[in-house]
Colleague: 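Please read through the structure below; I'll follow up with questions.
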Amino acid sequence: MKLSQYFLALLCPIILLSSCKKNTDEVAADTRSTFSIEFENQVNGSPLVLNTTTYKNAKGEDFKINVFKYYVSNIKLSKADGTTYLLPESYFLIDASKTESTNITLKDVPTGDYTKIEYTIGVDYARNFAGAQTGALDPINGMFWTWNSGYIFVKLEGTSPQSTATGNTITFHIGGVIDPNNTIRTFTTEINAANPLRVRTDGKPNMHFKVNAAALFTGKTDVSFAALNMTMGGANSVIVANNYANGLFRLDHIHN
Amino acid sequence: MLFLSIALMYACSKNEDEVTPEEKKITFSVPVNFPAPVYNFEDNKLSNAGFALGKKLFYEARLSADKSVSCGSCHQQFAAFTQLDHKVSHGVNNCQGKRNTPPLFNLAWQKAFFWDGGVKNIETSPLNAITDACEMGTDIQTIVAFLKNTAPYPDLFKQAYGSTEINSQLILKSITQFTAVLVSGNSKYDKVMRKESAVSFTSAELAGYNLFKEKCTSCHAEPFFTDFSYRSNGLDLVSTDEGRSHITGVASDLGKFRVPTLRNIEYTSPYMHDGRFYSLDEVLEHYNSGVKASVNLDVQLKNGIPLNTTEKVQIKAFLKTLTDNEFIKNTLYSES
């Protein structure tokens, strides 16, 4: 294993050198193409309808959702042979109030069959402290804390009759990257090898994820809105992040 | 990296070289008695047009909700870019903020911003003021829309960035071209340290410097006169402002604030995070007799810092050598 790696390392520059001489259209190995991911926002299996529909949390308390937004970043694909591809600059903000944001397109992906996908729910450590950002990370999106640098990874706002806050509001702004209150969570899911994500030059596959907003409130710790109705970072945000780490996303199917 | 070495080269060379007859080239100069900066313009290439735009935005009161408050209203050049005579910041609709406005200079050497260190990058540090209901009381969408529709901004963005595109990133980067260039390193103290000809301390200043090194530099470390740590200097038994613990959530950080720089201290009154002291005499008397046994009081201050009348006079004489009039009066930084 070790030896062959060294051998490869030696070989690499040779390959690169020789590939320079070759005609470009002969290099079929590194063709790239596009795929998309659709995030279908739900609450316990029902479609997420903002502002009007009443849902129940695991404690049986009623609630409505007015805002539901979250970051998906650093998307990484793996093949069955263990090779991986990290999509550079992959930062996406999914906003339940903006339909176009729930279907994201990933370009320039090396063609091949992928059997695993993983991504960060939120934003990696470095970008939380970086300079002014643009695109999905633009502070204009209302997902950046201005008094304590860093991004809100998952934002859910709404109301619940059980909430003791003024106006019965529930406010869950989950973020923070410093231990012990680090809320960066990575989601990983295997893809059925019989129907892998087939990235091809002649096809644009679509992955379909179901996203359960109620996962914030159950999984490890059932949240009662009477006791917890507001968190903006800190220990309570960790409780919520631990809840949604595994329950927020579920790969439903792939259209190849 | 390349830029940094250029900047460093500039810093070592004499000032005259930077001046061209037509237009002064904006440079970021590192004084020779300063270490390497944290912010080095690597991802924000400094240009005259970028600086000019940043400065215009800094002094643009129409960015605020009631069009009355600019960055420059709270950060005034004649007060080394703090707000003179205001205990706490004074924003839109006559709203009083929670904390004393810090001065703005040598920010390129800071790793964290605000009294509690909550903000981690100079580029994002104006965001709080822009959105705080008590400061400028607006939001970025409104500012972007205003700039897109207001001459000469689209042209200025074009000159600075090659396109009339206006977004928050370009706004913040250009403001940073202004704020990060604000370097104060030409006080009498600096000239003495750099052994510049014909500059030396008076005997009172020198005595004050020696006292300062004995009693104050463990926190107010040279050359920035802060070690950038968070500490309690015993202002209150129980601090009403959580300070550092608001960010860390750690009880042992309650009531701790960033050790402030003492450069230009002659002009930055009132003092402390809540602006409670109006004069340096009050500050020195605090260290002499007023230090309270707060839970997180810094151990070095558990007996205060006894200072007699002569010592106070000498320390004050030294503190005034930290005034940098070239910086305060530099028209390059003034509203034009």
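Both backbone and side-chain heavy atoms feed into the values below; hydrogens, waters and symmetry mates do not. Convention: sequence-line order gives letters A, B, ...; per-chain numbering from 1.
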Colleague: Decide if atom NZ of B:K98 counts as having more than 12 heavy atoms of other residues, nucleotides or ligands within a radius under 6.0 Å.
Modeller: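 Counting other residues, nucleotides and ligands, NZ of B:K98 exceeds 12 neighbours.
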Colleague: Identify which of B:L172, B:I122, B:N167, B:V119 forms the greatest number of heavy-atom pairs closer than 4.5 Å to chain A.
Modeller: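 Heavy-atom pairs under 4.5 Å are most numerous for B:V119.
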Colleague: Chain A contacts: which residues in residues 53-70 of chain B have a non-hydrogen atom closer than 4.5 Å to it?
Modeller: none
Colleague: Quick one: closest heavy-atom pair of A:S149 and B:T124, and the distance?
Modeller: OG-OG1, 4.1 Å
Colleague: Quick check on B:S168 against chain A: is it the side chain, the backbone, both or neither that has a heavy atom closer than 4.5 Å?
Modeller: both
Colleague: Could you tell me whether B:M272 atom CE has more than 12 heavy atoms of other residues or ligands within 6.0 Å of it?
Modeller: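 Yes, the 6.0 Å shell around CE holds more than 12 heavy atoms from other groups.
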Colleague: Nearest heavy-atom pair of B:N121 and A:F129: which atoms, and what distance?
Modeller: ND2-O, 3.2 Å
Colleague: Could you look at A:A130 and say if it's the side chain, the backbone, both or neither that has a heavy atom under 4.5 Å from chain B?
Modeller: backbone
Colleague: Tell me, side chain or backbone of A:I140 under 4.5 Å from chain B's heavy atoms, or both, or neither?
Modeller: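 Both the backbone and the side chain of A:I140 come within 4.5 Å of chain B.
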Colleague: Kindly indicate whether the side chain of B:K120, heavy atoms from C-beta on, has any atom under 4.5 Å from the side chain of A:N148.
Modeller: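 They are in contact (side-chain heavy atoms under 4.5 Å apart), so the answer is yes.
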Colleague: For the atom pair CH2 (A:W145) and OG1 (B:T131), what is the distance rounded to the nearest 0.5 Å?
Modeller: 14.0 Å
Colleague: Side chains of A:W147 and B:N128: does their closest heavy-atom pair fall under 4.5 Å?
Modeller: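 Side-chain contact under 4.5 Å: yes.
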Colleague: Just verifying a value: how many Å separate A:I178 CD1 and B:T248 OG1, rounded to the nearest 0.5 Å?
Modeller: 9.5 Å
Colleague: Within this structure, what is the OG1-CG distance for the pair A:T146 and B:D132, rounded to the nearest 0.5 Å?
Modeller: 7.5 Å
